[in-house]
Amino acid sequence: MASEKKTERGIRIAIDRGGTFTDCVGNPGTGKMKDDVLIKLLSVDPSNYEDAPLEGIRRLLSTFSGKEIPRGAPLDTSKIESIRMGTTVATNALLERKGQDIAMVVTKGFKDCLEIGNQSRPNIFDLAIRKPEVLYKRVVEIDERVTLEDYAEDPERHETGAEPVGEAGKDVELVRGLSGEAVRILQRPSEEKVKAQLQEVYDSGLRSVAVCLMHGYTYPHHEALIGKLARDIGFEHVSLSHELMPMIKLVPRATSACADAYLTPAIKKYIKGFEAGFEGGLGTESFKREKGAKGARCEFMQSDGGLVDVDVFSGLRAILSGPAGGVVGYALTSYDPKTRIPVIGFDMGGTSTDVSRYGSGRYDHVFETTTAGVTIQSPQLDINTVAAGGGSRLFFRNGLFVVGPESASAHPGPACYRKGGPLTITDANLFLGRLLPDFFPKIFGKNEDEGLDAEASEKLFHELTDQINKEITKGSKENEMSLDEVAYGFIKIANETMTRPIRSLTEARGHDTSRHRLATFGGAGGQHAVAIAEALGISQILVHRYSSVLSAYGMALADVVDERQEPESKVWSDEGEVLKYLQNKMKDLKDKSIATLKDQGFDENQINFEEYLNMRYRGTESALMIIRPTKEEAEEAYDGDGWAFGKAFVKQHEQEFGFILPDRDIIVDDVRARGIGKTFEGLEKTVDQQLKEVKPKDLGKNEKQYDKRQVYFEGGRQETAIYRLEDIAVGDRIKGPAIIADGTQTIVVTPGASALLIDTHIVINIGESEGQDTKVNTKEVDPIMLSIFAHRFMAIAEQMGRALQKTSVSTNVKERLDYSCALFDSDGGLVANAPHLPVHLGSMSTCVKKQAEIWRGKLQKGDVLVSNHPMYGGTHLPDITVITPAFSGESIVFYVASRAHHADIGGILPGSMPPNSRELFQEGAAIKSEKLVSEVARLQWDKKGINLIGALIGDYGEDVVQFYMRSIQDNAELSVRNLLKDVSKRFEGQDLSAVDYMDDGSPIKLKVTINAEKGEAIFDFEGTGPEVYGNTNAPEAVTYSAIIYCLRCLISEDIPLNQGCLKPIHVKIPKKSFLSPSDKAAVVGGNVLTSQRVTDVVLKAFHACAASQGDCNNLTFGFGGNLEGEEAVKGFGYYETIAGGSGAGPHWDGTNGVHTHMTNTRITDSEIFERRYPVLLREFSLRPGSGGAGQHRGGDGVIRDIEFRIPVQVSILSERRVFHPYGLEGGEDASCGLNLWVRKVPNASGSSDAHANGDAPNGINGKVDVEDADKEKEEYRYVNLGGKNTACMQKGERIIIMTPGGGGWGNVGEESKANKHLWRDSKSSWRQGSVASRQAEAEASA
């Protein structure tokens, strides 16, 4: 750092203030590890101190100065070189919703953009849909509007010229934005009006405001104006979206601005209190002011792993502040730039288990993540919570061992914490002897001076074991499980639960998990690390000596960072003007960073840069953040070209996605410079250097042992040596079984593994597996093995899915994730399906069964079948199913299959979703059963599935795998039988029947008859209407899917979804009805509309909830195509489904603007929508009052108002435009939907029609803008399109889709039983990095 007063100032302090403990690492200025002082104290201890970090600093200064500083005395900063901190203040404020009250300012027409979000629901099987609450108290809509002039899907690639925004005149309507795109200014805001609106907010008492306007990332002038007016009025905090993160996407940018406005005041308040504890100020400014005598540097850790000066630390960048320190800590201490072995970080604490990855000498960042239900756009380390940690609760449900996601949290904590808590993983480790009370702090009990209570854990294990034995042995003593077996079973399931997302993190990026090291830290990591590494095929584990305070140590090692980013839209070129332009843009960003870092005391030679371009292929949305190659990489791979971003993008795209598109342009979306002020010089010696030099010495039988214990490992308890970490020396090697512990961590070394001590780490080498030697019994079902196989089968389906996504070029598969992979038994019965897409659940199995029958005895290894026909288990023609048999010897043991949505498969309209189709041939090519591949190169995804099944059979044997495949189906069957028995009790003597009508009047009738004794049911659809001469016919498979979906919702517990669910169900569908149509009938609406109505009817029969919108509102538009006998016209096609209201239920209100039941697709972000297509989105908001009234109100639908800027063909395929979504138990019906065409027509002279002048019919905001029409000759009319129609719309014409609401529940005026505040998602505090966002995308693709 800067050289002033190096001798006097030297003390460096790093602190991580966590939820339970605050960790402090201090160094007197030598920088040597042996001189470090470590302190761990409770984060909240009001009887002893007010602020834990201040108390930690006081203790460290007392230690270094040799004299006790009294509590409460101001701390002298003159001896401190730097204070570095990570804090959970922002995270906690977000989780507990205790930030500052704020207002959000947004473009008119978008006031509900954050409530609607991306319109998908968080849990697809939850009838009481709960979306996270928005952060703002009020919304202000500003009458302003800009849009992009050109559109990306333009086949002509037309580019409009315009002056740069800074140089254009005051009233110019067309300018070039910061991203280089032409921006049309449609409406400038009125200063007077905005001032009055903001004053009203200020007068209401709010002092913090977030501003996000449409396309503010490229045209920030309107945001800047509002920001200036707000500051003039006196707002204390103003967050402008373009300053925080100038990236395209309205919703994440608006959420980010709100999060910043909500959290920054809380952080500033905390920092003010912290600073008050010092003599002299903190931070760069105070350091300069005090001329170095007083004042100390103080930096805070940001979510991206870089430090930032205390004066500019903001709420948005603070959300992962604490965990980021841990990532920096393991990355810099475990990775060797010479050997370049990548590292997986495994941080298992009490409340959460986080995983991340570090390779190639740089951090993996993600730019859009969700924390506590808030999706933000900001660079963050890719940290993924994969389980609840040591506090994960243990359950036995439906015959399966289940761990989490619920947590015992810090209060009451695990059973052994002496607060009456539930059974957790910590209790299992304690009971099995893997956790030692001697080494655990004595902070429990009434006076907080007692150790862990092993008896409490044992008592609860007795109760749980009795419950399990009662269920599985049915009274016979023969197969009873012991306490040890039950406790160890839960440990195995916990490890299985954690390995799946770790695999996903590495493999989704194209890395091989087994080629990594595992760096474990956090209090509970050492007890699970060996088992996790074995499961992942990892052979070496690194445990840092400071592993329990690694987050704080990471702060001490981290660098100060200054991030700069600007939007862009250029097409990449390896040379010429574009290259020069991008290089200049990068230089400007770097110059700004250098100035900021110099200001913080760095010399230019201490400043390094990481330079990035955010790049993607034209027509896709999967952008990759590409780093500029290093000098070595450029020499090695790119002929010395130091700016080979294009080649680096192609290389990374192939690695991550498995293909390249050589004929497509590469678009640059953003230019980013990460300025790094280097403070960390590198370790004295890396792990690999130490391992080379160390001379291992095996410890003798009783040498250096602290104690011996009986500890449970696979197969039984074994005598296990216990060592204290401080008693063993560098070079000592300990063979397992052993436990190494100190006051903060316990490391379990399993039989077959060994642990070696080096200067900085304990290195564990995995030897023989602790795992499966004994032959698995196939006479009786072992519930532990059953739970493990449930995970394994699911993991195979997930890994197939990743392989399919990688090798696919379709955006539907790659980005919308509209696909599903599944595993089937030899008869075609479903075993596991990933992800759980409701509409594919029952139908894929019908398809595989049919093909298995047709090809019985005729298939060979390497054959692949293809089908999409509705009569053969298809849903609609664009969904194509590909099936491969897996052989063991000569016989088929499994089938693997995938179903993916294809953008176009022919038919009478582009997109293959025609609203007016009457016959199947009009919807595209229909394939009943064809061999796609015969003895040829295998498809990548099915190869993956076949190989994984082969490996599973290799591990356990074919008979065991087959046995548990059947058992997992039996388990699902049992869950459904129990549900049906329960339902029959609830509705004893009542008639379980329902009827509802499609808009054409076709009835869907259902009568459910339950046999209570057997737990079986007949679903009889007798009385359902005949096949229709239209496209709402639904193949039988769709009805099966709807039934499975409804049963899973009613069970409301996580059960394996497979063929077993349907075994107790007998479905009677009348032949020739529109739920069992002929093979020529059109079906495109059956999949997306009729499926929703079937769901409503089933749920109505069970009195579960009122009707939801019962519709997907399928909208397609575009132009061009390939008509017979005519030349092909280049064009584009677009398809979306639109949210509505969900139905209310006995304990909940319906939810506004959300997708329901059989679909969960996301909507394209409003700014991306306008960038890609020639449209102006005038409004996307909730439709007030459209939900049914009642004791519990139904959710409101939405209004989507789209103006077309060129002539296009528009089609709408929708329902509930005639029959209202019903209310139940006295609740009122919801409003129907309405589709309007705002049409330009010749002016009828003297017309007095109100609508002719642009007045909107009921429920639509504002008037029609008639500038585009020649008022003398033309006028606009509102034309009702009905539910299913197609029209050619001209430039300036609009479609307004008003979607249905959800029905109400209970009589109006009765007291509500809906309590929104009691409910909290057990995963709300989880860090949702790339793994979670991938899973959410997959579940949102049905």
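Atom OH of residue Tyr335 and atom OH of residue Tyr330 lie 12.0 Å apart, to the nearest 0.5 angstrom. To the nearest 0.5 angstrom, Ile758 atom CD1 is 10.5 Å from Gln689 atom CD. Summarising the geometry, atom CZ belonging to Arg253 is positioned 11.5 Å from atom CD belonging to Glu368; distances are rounded to the nearest 0.5 Å. To the nearest 0.5 angstrom, Arg672 atom CZ is 10.0 Å from Met586 atom CE. Distance OG/Ser334 to CG/Leu518: 9.5 Å, rounded to 0.5 Å. With rounding to the nearest 0.5 angstrom, the CD1 atom of Ile376 is 10.5 Å from the CG atom of Leu244.
Taking the six-membered ring where tryptophan is involved, the planes of His215 and Tyr217 are tilted, since the angle between them lies from 30° to 60°. Ring planes of His544 and His761: perpendicular class, angle over 60° (limits at 30 and 60°).
Each of Arg674, His365, Gln302 was compared with Glu563 under the side-chain hydrogen bond (donor to acceptor under 3.5 Å, both in side chains) criterion, and only Arg674 meets it. Screening Arg362, Lys647, Arg628 against Glu633 for a salt bridge (Lys or Arg N to Asp or Glu O under 4.0 Å) leaves a single residue, Arg362.
Looking at heavy atoms from C-beta onward, Ile626 lies in side-chain contact with Gln652 at the 4.5 angstrom threshold. Residues Lys685 and Thr760 form no side-chain contact, since every pair of their non-hydrogen atoms from C-beta on lies 4.5 Å or further apart. The closest side-chain heavy-atom distance from Ile248 to Ile1168 is below 4.5 Å. A heavy-atom distance below 4.5 Å is found between the side chains of Val310 and Phe300. Side chains of Leu148 and Thr218 form a contact here, defined as non-hydrogen atoms less than 4.5 Å apart. Met615 has its side chain out of reach of Leu624: every pair of non-hydrogen atoms, C-beta onward, lies at least 4.5 Å apart. Within the 4.5 Å cutoff, the side chain of Ile766 has no heavy atoms near those of the Ile538 side chain. Counting heavy atoms from C-beta outward, Phe367 and Met245 have side chains that approach closer than 4.5 Å.
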Discussion item. If you apply the rule side-chain contact (heavy atoms from CB on, under 4.5 Å), what do you find for Val560 with Val308, and how did you get there?
Written reply: CA-CA 6 Å; Val560 176; Val308 67; 5.9 Å; no
Discussion item. Quick one, Val671 with Leu582, criterion side-chain contact (heavy atoms from CB on, under 4.5 Å). Give me CA distance, side-chain angles, the key distance, then yes/no.
Written reply: CA-CA 8 Å; Val671 180; Leu582 290 170; 4.1 Å; yes
Practice prompt. Start with the C-alpha gap between Tyr546 and Thr333, add the side-chain angles, then the distance that decides, and say whether side chain to side chain donor-acceptor pair (under 3.5 Å) holds.
Written response: CA-CA 10 Å; Tyr546 291 173; Thr333 58; over 6 Å; no
Worksheet item: Given the rule in the side-chain contact (heavy atoms from CB on, under 4.5 Å) test, do Val730 and Val694 qualify, once you have shown the distances and angles that lead to the verdict?
Response: CA-CA 8 Å; Val730 171; Val694 76; 4.3 Å; yes
Item to complete: Start with the C-alpha gap between Thr520 and Met348, add the side-chain angles, then the distance that decides, and say whether side-chain contact (heavy atoms from CB on, under 4.5 Å) holds.
Response: CA-CA 8 Å; Thr520 174; Met348 188 172 183; 6.0 Å; no
Discussion item. Evaluate Glu1167 against Lys249 for salt bridge (Lys or Arg N to Asp or Glu O under 4.0 Å), listing each step before the verdict.
Written reply: CA-CA 6 Å; Glu1167 289 179 343; Lys249 277 197 188 175; over 6 Å; no
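For Tyr617, the ring pair (Phe, Tyr, Trp, His ring centres under 6.0 Å) partners are Phe649, His653, not counting sequence neighbours. In terms of the side chain to side chain donor-acceptor pair (under 3.5 Å) criterion, Tyr358 has no residue partners (sequence neighbours excluded). When the side-chain contact (heavy atoms from CB on, under 4.5 Å) test is applied to Asp512, the partners found at least two apart in sequence or on another chain are Ser514, Arg515. For Asp35, the side-chain contact (heavy atoms from CB on, under 4.5 Å) partners are Asn27, Pro28, Thr30, Lys32, not counting sequence neighbours.
Of the possible donor and acceptor atoms, one in the side chain of Ser256 sits under 3.5 Å from a partner among the backbone N and O of Gln377. In this structure, the side chain of Thr506 engages the main chain of Arg503 through a donor-acceptor pair within 3.5 Å. The main-chain N or O of Ala556 is found under 3.5 Å from a side-chain atom of Arg84 such that the two form a donor-acceptor pair. With Gln690 contributing its side chain and Asp759 its backbone, the two residues share a donor-acceptor pair below 3.5 Å. For Asp665 (side chain) and Ile667 (main-chain N/O), no donor-acceptor pair under 3.5 Å exists by modelled atom type.
In Gln583, the CD atom is crowded: over 12 heavy atoms of neighbouring residues, nucleotides or ligands sit closer than 6.0 Å. For Lys651, the NZ atom counts as loosely surrounded, since its 6.0 Å shell holds 12 or fewer non-hydrogen atoms of other residues, nucleotides or ligands.
Among all heavy-atom pairs drawn from Asp641 and Ala634, the shortest one is O-CB, 3.5 Å. When all heavy atoms of Ser179 and Ser569 are compared, the closest pair comes out as O-OG, 2.6 Å. Scanning all heavy atoms of the two residues, the minimum distance from Phe602 to Ile607 falls at CB-CG1, 4.1 Å. Scanning all heavy atoms of the two residues, the minimum distance from Pro220 to Leu178 falls at CG-CD1, 3.8 Å. Summarising the geometry of Ala673 relative to Leu589, their closest heavy-atom pair is CB-CB, 4.0 Å, with the distance given to 0.1 Å. Of all non-hydrogen atoms in Gly646 and Trp572, the two that sit nearest each other are CA-NE1, 3.3 Å.
Residues Gln380 and Thr369 have side chains that bring a donor and an acceptor to within less than 3.5 angstrom of each other. A donor and an acceptor atom, one from each side chain of Asp670 and Asn614, are located under 3.5 Å apart.
Pairs of residues two or more places apart, or lying in two chains, that qualify as side-chain hydrogen bond (donor to acceptor under 3.5 Å, both in side chains) and include a residue from residues 587-597 are Asp562-Ser593, Arg564-Thr596, Lys587-Asp591, Lys590-Glu611.
Look at Arg517 and Asp688 and you find a salt bridge, because one of the NZ, NE, NH1 or NH2 atoms lies within 4.0 Å of a carboxylate O, short of that distance.
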Side-chain donor/acceptor pairs under 3.5 Å, residues 312-327, sequence neighbours excluded:
{"from": "Ser314", "atom 1": "OG", "to": "Asp260", "atom 2": "OD1", "distance (Å)": "3.4"}
{"from": "Arg317", "atom 1": "NE", "to": "Ser378", "atom 2": "OG", "distance (Å)": "3.3"}
{"from": "Ser321", "atom 1": "OG", "to": "Thr87", "atom 2": "N", "distance (Å)": "3.0"}
{"from": "Ser321", "atom 1": "OG", "to": "Met301", "atom 2": "O", "distance (Å)": "2.8"}

